[in-house]
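The shown structure was predicted, so the numbers you read here are calculated from the model rather than taken from an experiment. So that the names make sense, note that chain A is the first sequence line, chain B the second, and so on, each numbered from 1.
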2 protein chains.
Amino acid sequence: MKSPPAKVDPRVRRTRRALRDALVSLILEKDYASITIKEITERAETAYITFYRHYETLDQLLMEILDEGLAELLTRIETLAKQSDASDLETEGRLIFEYIGQKADLFRILFKSQSVARVRKKVVRDVAMIFQRACTPLARLDNPVTINVTSNHISTSLLSLIEWWLDNDMNPPPVKMGKVYKSLIIDSTVGAVSSLSTMSV
Amino acid sequence: MKSPPAKVDPRVRRTRRALRDALVSLILEKDYASITIKEITERAETAYITFYRHYETLDQLLMEILDEGLAELLTRIETLAKQSDASDLETEGRLIFEYIGQKADLFRILFKSQSVARVRKKVVRDVAMIFQRACTPLARLDNPVTINVTSNHISTSLLSLIEWWLDNDMNPPPVKMGKVYKSLIIDSTVGAVSSLSTMSV
DNA sequence: TCCTTTTTGTTATACTGTGAAACAGTATGT
DNA sequence: ACATACTGTTTCACAGTATAACAAAAAGGA
């Protein structure tokens, strides 16, 4: 990584922030596929060519936005998941959905831009990795197929649940979503895994 | 609908089939976003403007392909799900995955073209509707939120499982995927629903 | 403050893809 | 064989991508 903040030109910081903000606001108000570089640079009040001086493609800019925003959620889930044997799963779920509620815009962007297949795959893999690390020790998952299919299932289920919640105008509130999370995402999977791992899948 | 087959000009049938086949083969070999109308018409050995004489957009042609191909899977799942209380869930799962294995190309196209967010939403809704109809009577689901969140969960989980299976070169075989389907998709959800419906979610 | 370096703005350009027009040619069913 | 409907060719205006050259402005060190 970059240990010192690596003194970056303030003009570059301004330009990049303007471009990011412009893309974010555009994704929130129209279809991602219909967004053009020209629109972004106009909204960012910068020259068209300036975009290409910082990014090669539109997807690259999108990735930068998502990577930045998702890093916090991922570490948050990871922290919660690691201590999940001891702590309350309902509370874990509630905290996740409270965080998502706070950063609702970011997650709306995430799901709208899943139109880019690569983005979706990457996010699913990132989340799956976390649950894989967190769940492997406590369950008796010696079979690699079971581990893969399970972590993929938890990851996609959680993301789908979040997407459903946002589409449903963030109802019900986080407290109840915590209960849904516990029973639908975690408990049910744990139950299924124990029946799966006793057979030669 | 169109009760009689509505006598369609054989030239139109040929042209449309050529365009569909061309798009299918193109999606299987390259990124959907990079496919152009010109490429399709060239591969279909037809004139560029002919495309626009039959379809308004590329997405419309894609939708026609998927609607046609998915209709059979949907009715198949629906038939199986309706008699699921009596029949064997493992067999139900096996049959689903055997069918998917037969039509693997179609499903690869489906997941590749989920890049179009609208396509994804529609398919999820279609599958969710089926499970909603099938599951409502047998479980005690009086709460509309529980019904929605559950059918959405089953739908997205099943689609994710299918996508994972295709990405994993259709391993393990359908027999084992039937077991995974039963425990991970159905049993686990049924268990979760009973705990959810006893509380005021 | 001055001077050098880096970034940004302006303008121009080549290229690709979209979507539609007019008109000529060809296949179809009766 | 005929009117009808479909398809092919050519042409066009337009929008968006990606790059280049040169001028203008901002940043940071001496």
Side-chain angles (χ1 to χ4, degrees), chain A residues 2 4-27 29-65 112-113 115-119, chain B residues 2-65 112-113 115-119:
Chain A
K2 23 181 177 173
K7 269 186 185 176
V8 58
D9 195 309
R11 286 170 295 182
V12 174
R13 298 176 65 83
R14 272 201 299 273
T15 303
R16 293 198 148 138
R17 172 133 307 278
L19 290 171
R20 279 197 297 263
D21 292 350
L23 179 53
V24 165
S25 70
L26 281 169
I27 293 178
E29 67 191 52
K30 60 179 290 191
D31 188 37
Y32 178 77
S34 73
I35 295 173
T36 66
I37 310 286
K38 199 187 164 198
E39 272 180 311
I40 296 171
T41 52
E42 274 174 0
R43 186 164 298 204
E45 290 182 306
T46 186
Y48 177 79
I49 197 178
T50 302
F51 178 91
Y52 291 99
R53 289 188 172 125
H54 296 274
Y55 306 98
E56 287 181 1
T57 63
L58 210 161
D59 286 13
Q60 195 177 316
L61 173 55
L62 177 65
M63 276 299 197
E64 190 179 288
I65 293 169
K112 286 195 86 171
S113 58
S115 41
V116 186
R118 237 184 50 261
V119 173
Chain B
K2 22 180 177 175
S3 10
K7 267 186 186 179
V8 58
D9 195 309
R11 286 169 295 183
V12 175
R13 297 177 65 82
R14 271 202 299 275
T15 303
R16 294 199 148 140
R17 172 134 307 279
L19 290 172
R20 279 198 297 263
D21 291 350
L23 179 54
V24 165
S25 69
L26 280 170
I27 293 178
L28 287 173
E29 67 192 53
K30 59 180 289 192
D31 188 36
Y32 178 77
S34 72
I35 295 173
T36 67
I37 311 287
K38 198 186 163 197
E39 270 180 313
I40 296 172
T41 52
E42 274 174 359
R43 186 165 297 204
E45 290 180 307
T46 185
Y48 176 79
I49 199 175
T50 302
F51 178 92
Y52 291 100
R53 288 185 173 127
H54 296 275
Y55 306 98
E56 288 182 0
T57 63
L58 209 163
D59 285 13
Q60 195 177 317
L61 172 55
L62 176 66
M63 276 299 197
E64 190 179 288
I65 293 169
K112 285 194 85 171
S113 59
S115 42
V116 187
R118 237 184 49 260
V119 174

A.B. asks: Taking atom C1' of D/dT17 as reference, at what distance in whole Å does atom CD of A/Gln60 sit?
C.D. replies: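 Nearest whole value for this atom pair: 16 Å.
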
A.B. asks: In whole angstroms, how far is the C1' atom of D/dT17 from the CD atom of A/Glu39?
C.D. replies: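 So the CD-C1' distance, A/Glu39 to D/dT17, works out to 14 Å.
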
A.B. asks: Just to confirm, is there a sub-4.0 Å distance from OP1 or OP2 of D/dA18 to any side-chain nitrogen or oxygen of A/Tyr52?
C.D. replies: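 Yes, A/Tyr52 has a side-chain N/O under 4.0 Å of OP1/OP2 on D/dA18.
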
A.B. asks: Taking only residues two or more places apart in sequence or in another chain, which ones pass salt bridge (Lys or Arg N to Asp or Glu O under 4.0 Å) with B/Arg20?
C.D. replies: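 With sequence neighbours excluded, B/Arg20 shows a salt bridge (Lys or Arg N to Asp or Glu O under 4.0 Å) to B/Glu64, B/Glu68, given in chain and number order.
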
A.B. asks: Test of understanding: with side chain to side chain donor-acceptor pair (under 3.5 Å), list the residues that count as partners of A/Arg14, not counting sequence neighbours.
C.D. replies: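 By the side chain to side chain donor-acceptor pair (under 3.5 Å) rule, A/Arg14 matches no residue at all.
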
A.B. asks: Identify, with sequence neighbours excluded, every residue that meets side chain to side chain contact (heavy atoms under 4.5 Å, CB included) alongside A/Lys38.
C.D. replies: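 So A/Lys38 forms a side chain to side chain contact (heavy atoms under 4.5 Å, CB included) with A/Thr36, A/Glu42, A/Tyr48.
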
A.B. asks: Run the salt bridge (Lys or Arg N to Asp or Glu O under 4.0 Å) test against A/Arg53 and tell me which residues pass, sequence neighbours left out.
C.D. replies: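 For A/Arg53, no residue satisfies salt bridge (Lys or Arg N to Asp or Glu O under 4.0 Å) once neighbours in sequence are set aside.
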
A.B. asks: How does protein reach along nucleotides 1-17 of chain C, written 5' to 3' as B (base within reach of a heavy atom under 4.0 Å), S (only sugar-phosphate), or - (no contact)?
C.D. replies: -----BBBBB------S

A.B. asks: Under the side chain to side chain donor-acceptor pair (under 3.5 Å) test, which residues partner A/Thr46, sequence neighbours left out?
C.D. replies: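 By the side chain to side chain donor-acceptor pair (under 3.5 Å) rule, A/Thr46 matches A/Thr50.
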
A.B. asks: Just report the end-to-end axis angle for the helix from C/dT1-D/dA30 to C/dT30-D/dA1, five pairs per end, to 10 degrees.
C.D. replies: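 The two end axes of the helix from C/dT1-D/dA30 to C/dT30-D/dA1 meet at 30°.
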
A.B. asks: Kindly write out the residues that satisfy side chain to side chain contact (heavy atoms under 4.5 Å, CB included) with A/Asp59, not counting sequence neighbours, or none if the list is empty.
C.D. replies: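 Residues passing side chain to side chain contact (heavy atoms under 4.5 Å, CB included) with A/Asp59: A/Tyr32, A/Thr57, A/Val116, A/Arg118.
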
A.B. asks: Quick one: A/Lys7 NZ to D/dG28 P, roughly how many Å, whole number?
C.D. replies: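 The distance from NZ of A/Lys7 to P of D/dG28 comes to 8 Å, rounded to the nearest Å.
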
A.B. asks: Nearest heavy-atom pair of A/Arg43 and A/Ser25: which atoms, and what distance?
C.D. replies: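 Where A/Arg43 meets A/Ser25 most closely, the heavy atoms are NH1-OG, 3.1 Å.
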
A.B. asks: B/Glu45: what forms a salt bridge (Lys or Arg N to Asp or Glu O under 4.0 Å) with it, not counting sequence neighbours?
C.D. replies: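 If we apply the salt bridge (Lys or Arg N to Asp or Glu O under 4.0 Å) test to B/Glu45, skipping adjacent residues, there are no hits.
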
A.B. asks: Provide, to the nearest angstrom, the distance between the CZ atom belonging to B/Phe51 and the P atom belonging to D/dG8.
C.D. replies: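 From B/Phe51 CZ to D/dG8 P: 14 Å.
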
